[in-house]
There are 2 protein chains.
Amino acid sequence: MEGNKIRNMEEFASVSGISRPTLSKYFNDPTSVRDSTRKRIEAAVEQYDYRPNLYAMNQNRRLTKNIGIVVPYLADPFFAEIARTLENHVLRTGYRPVLLGSHGRPELEIENLENLRLIKPAGVLLAPLGRVSEREQIEAFCKEVPTVLFDANIDGVGHAFVGSNNGQSIGLIVDYLCRTGEPPAFFEMETPTNPNAYKRRTAYLAAMERLDHKPRLIQAPGEGWEFEEIGFREGSRLLRDKTLPTDTILCSNDRLAIGFLSAAYEAGLRVGLGPGCALRVAGHDDHPFSRYTCPTLTTVSQDYEAIAKKSAEALLELIEAGSPGDSREETLFEGRLIMRGSA
Amino acid sequence: MEGNKIRNMEEFASVSGISRPTLSKYFNDPTSVRDSTRKRIEAAVEQYDYRPNLYAMNQNRRLTKNIGIVVPYLADPFFAEIARTLENHVLRTGYRPVLLGSHGRPELEIENLENLRLIKPAGVLLAPLGRVSEREQIEAFCKEVPTVLFDANIDGVGHAFVGSNNGQSIGLIVDYLCRTGEPPAFFEMETPTNPNAYKRRTAYLAAMERLDHKPRLIQAPGEGWEFEEIGFREGSRLLRDKTLPTDTILCSNDRLAIGFLSAAYEAGLRVGLGPGCALRVAGHDDHPFSRYTCPTLTTVSQDYEAIAKKSAEALLELIEAGSPGDSREETLFEGRLIMRGSA
DNA sequence: GAGTAAATTTTACGCGCGTAAATATTTAAA
DNA sequence: TTTAAATATTTACGCGCGTAAAATTTACTC
């Protein structure tokens, strides 16, 4: 403790014996100064516990070291998990992640982007809600800020997209289900909030056609992000009315499946593969909780780690390239079949 | 579109016909200017799409309009949900929430607080990890920034605490379980990460003593935040070895219970109340997923909404009072019994 | 209409740092 | 040792806004 604290970089320069411009350079990029000076600075930082004023620093910089991470819904464990992974990757590269959730509301998503613009981020990782209505505003944002979309694609928007190959992953699980039992019906929301849902529906239809089976869509009414509730409600209704066209249900995502499984349990139906099982249920995403459902959920995993890694890398390339460039790279990771108890 | 954009408040002052100091006042508190001027400013803001530079604004203010929200683990739906609720409350009061998760790591928690200090927040809502080791640093932080602790208390640290009354809530469910069947054993982690866990253990012991029953603690080994996994692993072991001292298990939290339920299902045991049920399982928290377990989980709800509301209100009072004051208010909300299928 | 309090404008300075340009010093290669 | 290149220092200005003080205008009361 040196008693009185350093109030600004000027003071820190005099006590540390290093000129202010050099300090300024150091704080914006520690590698930009000579090794020996860096060590002197770091020692002085330690000794005097000095941190430059973030606001004064960023005021005159065109860009900051902030990277925005925007997800549609933070209380959805899927997004929470991917956000967590992204944060780690961003931190490791020396940037500061700024996490924003849109609470499922398109207007909040736009507000989040506007707030992000105010903090002049170096770049943004955006998993859009997917409502078409806001396309223009997101597009405008992407023209000003290097942005990588992940999870949900909006054609032509943003400088890159990283996500899952829904065609491949749905094909995989449809194949598996057809190979091991009755062809699946596809259980989804009537008006999905997410563009992946449409891709998965299309992929299901294509897969069923390829295998010469009649596709059957089951569309649950309901809005919002309470997917488990929607899956449970519609599942209960279907099981009560006994209107299921097949004994095998492929859900558009794990959260719907979790609700459906719960409905099946309440209805006293045994779900799974073996004899004595009345129903097979499969999901998609490898949701953090799919390991603990009853029975455990057969699903297709999305490679969280790979998606997060690639998104962060793509954004960093973009940032370091300086100019946006007009190529738009789309990276799709393949799903992996996760065989568990439910199908 | 007025073509060329306004670059700073000076320009905005000239085009809007309002002096810069008045504009400055307005942007720091819209209610501090006369109604008629406010309307003129708002019209001009709309017309010219001007936003003041956030960094320049905050550079000279002692405090900003930022409110930090720090939770131990964002991928835990319990914290995600409470963070979401808090964000909404903060937004409604005109402040900007800054959400930070500590990923379960004490050093990240401290880093989060340090980063928060750099942005000079008006106040902070902190749900501490609860490791005793970092107490001093958190205490030091609280001395500089108005801070309200929530969820987990650290005695004497922070200017207020808002949480659940574990004594009452555990008492409630122990009463219920004893009244409707065998007295429960208490299933918890050997070395809990959270101080609430200790409170709940103590509350369990007290409740059992009060009811003249012999308490039985079952302590699962394991570290980290994978509570479901820990509950599942230890649950499986207990059920395999048939070493359970009773047919009724009260879990220290819902996530452990979710794992335990999964283990019971895998072991082929029927969980619930009725005849033919081998086991009763109860939890604590009313976790977002406890509604969809199989069977649905009997638990004690924490009043998320009330905790979030009170925390935000307490912090705002603190901020508006100006001086910290040395009183420290502790608010505990009572749990509500949520009777579902599992017990 | 005078009188008064509240709000606004004018003027002016400061905040903490980015950064440019010229100069000086250090480092490493020749 | 000489020399050139890399790095650091000195000096100086600007960024966009906060904010204080004095002068002026506005709104409201009697």
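Here is how names work: the chains are called A, B, and so on, in the same order as the sequence lines, proteins then strands, and each is numbered from 1.
Distances shown here put a side-chain N or O of A:Y50 below 4.0 Å from the OP1 or OP2 atom of C:dC17. Of the side-chain N and O atoms in A:S19, none sit less than 4.0 angstrom from OP1 or OP2 of D:dA8. Between C:dG18 and A:N28, a contact under 4.0 Å exists linking OP1 or OP2 to a side-chain N or O. The shortest distance between the side-chain N/O atoms of B:N53 and the OP1/OP2 oxygens of D:dG16 is not below 4.0 Å.
For B:K120, the NZ atom is densely surrounded, since the number of other residues' heavy atoms within 6.0 Å is greater than 12.
Nucleotide C:dT8 holds its C1' atom 16 Å from the CG atom of B:D29, rounded to whole Å. Rounded to a whole Å, the NZ atom of A:K120 is 13 Å from the P atom of D:dC15. When rounded to the nearest whole Å, the span between NZ of B:K25 and P of C:dT8 equals 6 Å. Between the CG atom of B:N8 and the C1' atom of D:dG14 there is a distance of 12 Å, rounded to whole Å. The interatomic distance linking A:R51 (CZ) with C:dC17 (P) rounds to 13 Å, in whole Å. B:K65 has its NZ atom 12 Å from the P atom of D:dG18, to the nearest Å. In this structure, the OH atom of A:Y26 is 13 Å from the P atom of C:dG18, given to the nearest Å. Here C:dA6 presents its P atom at 16 Å from CG of B:D35, a figure rounded to the nearest Å.
Among residues at least two apart or in separate chains, side chain to side chain donor-acceptor pair (under 3.5 Å) pairs with a member in residues 6-18 of chain A are A:E10-A:R20.
With sequence neighbours excluded, no residue forms a side-chain hydrogen bond (donor to acceptor under 3.5 Å, both in side chains) with B:S32. A:R105 pairs by the salt bridge (charged side-chain N to carboxylate O under 4.0 Å, His left out) definition with A:E107, not counting sequence neighbours. Annotation: side-chain hydrogen bond (donor to acceptor under 3.5 Å, both in side chains) contacts of B:T31 (sequence neighbours excluded): B:D29. Applying the ring pair (Phe, Tyr, Trp, His ring centres under 6.0 Å) rule to A:Y73 yields the partners A:W225; only residues at least two apart in sequence or on another chain are considered. Remark: A:E109 pairs with no residue by the side-chain hydrogen bond (donor to acceptor under 3.5 Å, both in side chains) rule, at least two apart or across chains. Residues passing the side-chain hydrogen bond (donor to acceptor under 3.5 Å, both in side chains) test with B:T64, sequence neighbours excluded: B:N66. Here B:E144 pairs with B:R117 under the salt bridge (charged side-chain N to carboxylate O under 4.0 Å, His left out) rule; sequence neighbours left out. Under the rule for a ring pair (Phe, Tyr, Trp, His ring centres under 6.0 Å), B:F79 has no partner lying at least two apart in sequence or in another chain.
Within a heavy-atom distance below 4.0 Å of DNA chain D, the residues of residues 56-63 of chain A found are A:Q59, A:N60. Within residues 9-18 of chain A, the residues that place at least one heavy atom under 4.0 Å from DNA chain D are, in residue-number order, A:G17, A:I18.
Residue-to-nucleotide contacts include no donor-acceptor pair under 3.5 Å from the side chain of A:R20 to the base of C:dG16.
Salt-bridge formation is not detected for the pair B:E313/B:K310: no Lys NZ or Arg NE/NH1/NH2 atom is positioned less than 4.0 Å from an Asp or Glu carboxylate oxygen. Between A:R84 and A:E81, at least one side-chain nitrogen of the basic residue sits less than 4.0 Å from a carboxylate oxygen of the acidic one, meeting the salt-bridge criterion.
At a threshold of 4.0 angstrom between heavy atoms, the contacts of B:P21 include nucleobase atoms, whether or not backbone atoms are also involved.
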Scan nucleotides 27-30 of chain C against the protein and return all N/O pairs shorter than 3.5 Å with their distances rounded to 0.1 Å.
none

